[in-house]
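A short worksheet on the structure shown next.
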Amino acid sequence: MPSAYWYYGLIILSLVLITASFIHKRDWKILLLHLQTSAVIHPLEIIVLIVWNGYRYLPGIVQDSRLDNYLGSYISNTLIVPASAVAINAFSLSWNHVISVAAIFTGIDWYFTELGIYQHFWWQSFYTGIGLCILYAISKWIWRGLHDKKPSLAFRLLTIYMIYAFIHNLIAFISNKGGKLFRFHVNWFLDAEKNHQLFFAFHLMITSIVISMCIGLKLQFRYRLAGIAILVLFNWFLGEYHIFVPSGENITAVYLILVSALAIPLTILLFKLAKLKYLFP
């Protein structure tokens, strides 16, 4: 069986879990939980997958091995793992069941390495099981917080940050064609790919923090406008000093502002659907 079919199977399973969870709860907070769980995983994936070379995905979906690796990562950490966390919380599974789910995914992790469609370097399958148990505990905390009638300011801002960061990251990855439209050039490592991915994560963090403060804090309009101006200057600086480098396309660093311009209304829409009054207090 071609390796891609196994990953397509994970996509289908993810959609089944998300759909079943939504039908069961009839609550758009399900989607927020999914995005937040993925946002928890993303920075850790950057460190383990890219910086420390812990493992590599081999889904065989595209010929470019670098992009194929990232697609496998997205299927795992943007779809199936968050979907499992959503199902655990939607159906209020006990910790006995949670541990069983973690054990199943640990087995899948091992089996995929046996099939040669996922490769470990220093990573071990039982690390996956331990990490999932921790992740599921965090997801339970998030789920409780989303139903808190008077959440703390810190929780509200963290939720906004995570939702916006997920949306911004996904839009940027898709529109950048997995790194073919532009690259970030810095001299942090000898590996250009590590430099690009780490600076991409840094840019995402800075942008998400500023946006979260602008739409999540009680501020006068001029201060919100000042936050947007800071991002414009930040991105202008990246283009002016050749940190943002287009790959043969006629674009500038203004492109990054356009990503935010699309991500912000989508973030607002999700909070409205979830009936959470976290924005523009």
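Heads up: numbering here begins at 1 and tracks the sequence.
Judged by distance alone, the side chain of Asp68 and the main-chain N or O of Val62 form a donor-acceptor pair under 3.5 Å. Checked by atom type and distance alone, the side chain of Ser84 pairs as donor or acceptor with a backbone atom of Val81 at under 3.5 Å. A donor-acceptor contact shorter than 3.5 Å links the side chain of Asn77 to the backbone of Ser73. Judged by distance alone, the side chain of Ser3 and the main-chain N or O of Pro59 form a donor-acceptor pair under 3.5 Å. Using a distance-only test at 3.5 Å, with no hydrogens or angles considered, no donor-acceptor pair links the side chain of Arg183 to the main chain of Ser247. Put simply, the side chain of Asp27 never gets that close to the backbone of Ala274: no donor and acceptor are under 3.5 Å apart. Here the side chain of Lys194 pairs a donor or acceptor atom with the backbone of Val51 at under 3.5 angstrom.
Proximity of the aromatic rings of Trp141 and Tyr136 is defined here by a centroid distance below 6.0 angstrom, and this criterion is not met. Aromatic rings of Phe112 and Tyr55 (six-membered ring for Trp) have centroids beyond the 6.0 Å cut-off, not under it.
Few gaps surround CG on Asp148; more than 12 heavy atoms of other groups in view lie less than 6.0 Å from it.
In this structure, Trp143 and His147 have perpendicular ring planes: the angle between them is above 60°, well past the 30° mark. Between Tyr111 and Trp6, the ring planes are perpendicular. Angles over 60° get that label, and only those under 30° would be called parallel. Note on ring orientation: taking the six-membered ring where Trp is involved, the planes of Tyr241 and Trp236 are perpendicular (angle over 60°, cut-offs 30° and 60°). Taking the six-membered ring for Trp and thresholds of 30 and 60 degrees, His196 and Phe200 have ring planes more than 60 degrees apart, a perpendicular arrangement.
Across every non-hydrogen atom of Ile80 and Leu10, the tightest pair is CD1-O, 3.9 Å.
Applying the ring-ring contact (aromatic ring centres under 6.0 Å, His included) rule to Phe199 yields the partners Phe184, Trp188, Phe202; only residues at least two apart in sequence or on another chain are considered. The ring-ring contact (aromatic ring centres under 6.0 Å, His included) check on Phe121 picks up nothing, with sequence neighbours excluded.
Leu233 and Val210 fall into different hydrophobic clusters, where Ile, Leu, Val, Met, Phe, Trp and Tyr are joined by side-chain heavy atoms under 4.5 Å apart, directly or via other members. When hydrophobic clusters are built by joining Ile, Leu, Val, Met, Phe, Trp and Tyr residues whose side-chain heavy atoms come closer than 4.5 Å, directly or via intermediates, Leu204 is not grouped with Val245.
Distance check: Ile50 CD1 to Glu45 CD gives 7.5 Å after rounding to the nearest 0.5 Å. The distance from the CD1 atom of Ile108 to the OG1 atom of Thr113 is 12.0 Å, given to the nearest 0.5 Å. Here Ile160 contributes atom CD1 and Ser208 contributes atom OG; the two are 11.5 Å apart, rounded to the nearest 0.5 Å. Going from atom CG of Leu44 over to atom NE2 of His42 covers 10.0 Å, rounded to the nearest 0.5 Å. The distance from the CH2 atom of Trp122 to the CG atom of Asn53 is 9.5 Å, given to the nearest 0.5 Å.
Evaluation of the ring pair (Phe, Tyr, Trp, His ring centres under 6.0 Å) test over residues 84-103, restricted to residues two or more places apart or in two chains, returns His24-Phe91. Listed by first and then second residue, the side-chain hydrogen bond (donor to acceptor under 3.5 Å, both in side chains) pairs involving residues 261-280 amount to none (not counting sequence neighbours). Listed by first and then second residue, the side-chain hydrogen bond (donor to acceptor under 3.5 Å, both in side chains) pairs that reach into residues 123-135 are Asp109-Ser125, Asp109-Thr128, Trp123-Thr128, sequence neighbours excluded. Residue pairs satisfying the side-chain hydrogen bond (donor to acceptor under 3.5 Å, both in side chains) criterion with at least one member in residues 224-235, sequence neighbours excluded, are listed as follows: His203-Asn235.
With no hydrogens or angles considered, a side-chain donor-acceptor pair links Asn169 and Tyr74 at under 3.5 Å. Under 3.5 Å, the side chains of Ser260 and Tyr164 contain a donor-acceptor pair of N or O atoms.
Using a 4.5 Å cut-off on side-chain heavy atoms (C-beta onward), Trp110 and Glu114 make contact.
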